[in-house]
Amino acid sequence: MKYTFYFFTVIYCLFCVSCIKDELPNAEADIISCTVDSDILKKDPVIQNERVQIFVKAFADLTSQAPVFSLSPGATISPKSGTNLDFTNPQFYTVTSEDGHSQKIYEVQYITTAIGSKYSFEHVRIENNKFDVFYEINQENQNIMDWASGNSGFSLTGTAANPDDYPTARLAAGKEGQGVKLITRSTGNLGATMGKPMAAGNLFMGEFDLANSIINPLKSLRLGMPVEIVPYAVKGFFKYKAGNVYKEGNIENPNKKDSWDCYAIFFETDSNLKYLDGTNKFTHENVIAIARISLEARIETEEWTSFHIPFVFKDNWKLDEQKLRDGKYSITLVFTSSIDGDTFAGSEGSTLLIDEVEIIHE
Amino acid sequence: MNKINKMVKLNFLVFLVLFFGNCITSNAQEDRKIHQDSIVFQIRTGINIGGFTPMPLPAEIRQINKFDPKLNFSVEGSATYWFGKEKKSWGIKTGIRLENKAMETDSRVKNYSMEIIGENGENVAGNWTGGVNTQVDNSYITIPILATYALNDKWEFSLGTFYSLLIEKDFSGYVYDGYLREGGPTGNKVVFSGDKTATYDFSSELKKFAYGIEVGSSWNASRHLNVFSNLTWGLNDIFKSDFETITFGLRPIYLNIGFGYVF
């Protein structure tokens, strides 16, 4: 039949237009890895979305360095990977995606200054137009360390409208100048669909590995920064107020009350252990000393209250001066507004304020 | 929207021209009576096979792993008015049809731009690369308005439009095994893999009203029984116009096949 023939021709055409199209060129513009002469490195380069920090030993000659980058498939970088540049001040690299439509400017910085031991939290920038990031500076006002937090993960829940809505944010009136405000917050509907019903405010020395934060939240905490000191105590000031309703996941537990946490860990890095994570932070064999706030000290208070936590060293540990100079020892210092926040237990609204923290050392 | 409205108007016009044009000529042709009565009542039952699809497929869709058209039923009662005294080869048909349009798809997308709005106004925009599983299960009350043409006492053809009211709805699914880049292809990256998925439910974003083109044919096995096939092609996006999460329009395209009984 002529008509049936037409009919099937039409159907056939429909299926033709619905074929899979050719793949578009890649739209990503990432620095995926950064390779630097391993003799001068103290720590693997920290690669954030628009920033690379390379921690090197004090003797490194910053006037002539040629970091090598690997990029997203098909992407290009300018200046070229491996170009000799003067890194006395940070250099800026532009990465262009294969499709040419997206570009990202990376600030690449070599850092020789070891991080200090006094933290007043006066330096904050707004990252991504969204949330606060605290950082430390050296005498030349260069950024030498970003404090890590889970804010970039909270950003993906879409619940926050401004930096103050994030779990980790600046406290305008701290004990002296600015301070840190950590609040346990609900992650809303979208957070719940990702299996993370709440987010404790947290601040720590190390990196938050956002990419792996959903697959493995505990492993996404990369704890530790190289230091050139041997600590013996942590001190500082806090205020704390626990939230009203304690939840474990989404289930209320009326018998439990939220509490905060502060701990510092001094450990040795080697070829196997570059950083501690949420699964091994207190138990790894490379841990040398732990300072953790006691149950009695974790009180609720509306006044600035001081804390002083001594490091407890493992028996028979001996300092190796060469390792200290080479940046083989690392410290992490961690604050959180809900002590069990990494398993999504705590009370919405639990608020920990901290300021004027110091790692006391010899 | 405007474009679609224009298309519908155009379709109507074409249909009217064909319809009246042929009415006049057909009267002049042979005399054999195809239909005994001017008004013919019919009930039909059948299944819908098809899917909700962007047309053409956007380049972001890299692979379709699975397409399950599901088993969708339809029942229809209709009346056809056949014009003319003698031959009655042209008519107009309308009725009411209850039908399901469902499907399940599983595909891989690359750098697919989307925006997720949570129930409390949470808002995340970003580009997803990875697996997307979608399940649609909608029920409609549909009114077709068709011009019919009987070629002889065996074959009938129809062409026209349909208007549907959504009465039961489900558009949901999950994304898995891939990564989201916040804000765009250069944004922060977060990976989903293994049993980590993010679910979505856009049921409440579906439009209440749908329309489109319907073209069909039927073959009369006897005076009372026929088999038919009908293609319905949706012309409006199934989502409300302010819904931005899915950036391309999805339209229902279904083939309705079954049998009818003529009274």
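Quick note on labels: first sequence line is chain A, next is B, and so on, each numbered from 1.
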>> Applying salt bridge (Lys or Arg N to Asp or Glu O under 4.0 Å) as the test, list every pair that has at least one member in residues 150-165 of chain A; sequence neighbours left out.
In response: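 As it turns out, the salt bridge (Lys or Arg N to Asp or Glu O under 4.0 Å) pairs with a partner in residues 150-165 of chain A, which skip direct neighbours, are A:D164-A:K181.
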Gap separating the [atom1] atom of [X] from the [atom2] atom of [Y], nearest 0.5 angstrom:
X      : Y      : atom1 : atom2 : result
A:E28  : B:K189 : CD    : NZ    : 5.5 Å
A:S97  : B:N111 : OG    : CG    : 9.0 Å
A:K130 : B:N188 : NZ    : CG    : 8.0 Å

>> Quick check on A:N129: does its CG atom have over 12 non-hydrogen neighbours (other residues, nucleotides or ligands) under 6.0 Å away?
In response: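 No, not enclosed.
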>> If you count heavy-atom pairs within less than 4.5 Å of chain A, which of B:T197, B:V190, B:T199, B:T129 leads?
In response: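 Top option by heavy-atom pairs under 4.5 Å: B:V190.
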>> Only pairs of heavy atoms separated by less than 4.5 Å count here; which of B:G187, B:G184, B:G194, B:A198 has the most with chain A?
In response: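 Result: the option with the highest number of such pairs is B:G187.
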> Given the options A:T159, A:N212, A:L210, which has more heavy-atom pairs under 4.5 Å with chain B than any of the others?
Replying inline: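 Option with the greatest count: A:L210.
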> Pick from A:D209, A:T187, A:T157: which one has the most heavy-atom pairs with chain B under 4.5 Å?
Replying inline: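 Highest number of pairs under 4.5 Å: A:T157.
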> Are any of the side-chain heavy atoms of B:R62 and A:L24 separated by less than 4.5 Å?
Replying inline: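 Not touching, per the 4.5 Å side-chain cut-off.
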>> Can you confirm whether B:P56 sits close enough to A:K21 that some side-chain heavy atom of one is under 4.5 Å from a side-chain heavy atom of the other?
In response: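 Counting from C-beta outward, B:P56 and A:K21 do come under 4.5 Å.
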>> What part of A:Q48 gets within 4.5 angstrom of chain B, counting heavy atoms only: side chain, backbone, both, or neither?
In response: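 For A:Q48, no heavy atom lies under 4.5 Å from chain B.
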> By salt bridge (Lys or Arg N to Asp or Glu O under 4.0 Å), which residues pair with B:E104, not counting sequence neighbours?
Replying inline: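 With neighbours one apart ignored, the set is B:K66, B:K70.
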>> Taking 4.5 Å as the heavy-atom cut-off, does anything in residues 214-222 of chain A contact chain B, and if so which residues?
In response: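 From residues 214-222 of chain A, the residues near chain B are A:I214, A:I215.
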Donor-acceptor contacts, no H, no angles, side chain residues 70-80 of chain A, under 3.5 Å, sequence neighbours left out:
{"residue": "A:S70", "atom": "OG", "partner": "A:S33", "partner atom": "N", "Å": "3.2"}
{"residue": "A:S70", "atom": "OG", "partner": "A:S33", "partner atom": "OG", "Å": "2.7"}
{"residue": "A:S72", "atom": "OG", "partner": "A:D30", "partner atom": "N", "Å": "2.8"}

> In terms of side-chain heavy atoms, does A:S155 have a donor or acceptor partner in B:E182 at a distance below 3.5 Å?
Replying inline: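 B:E182 and A:S155 do have a side-chain donor-acceptor pair below 3.5 Å.
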>> Can you give me the closest heavy-atom contact between B:P185 and A:A27, atom names plus distance?
In response: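 B:P185 and A:A27 have their closest heavy atoms at CB-O, 3.3 Å.
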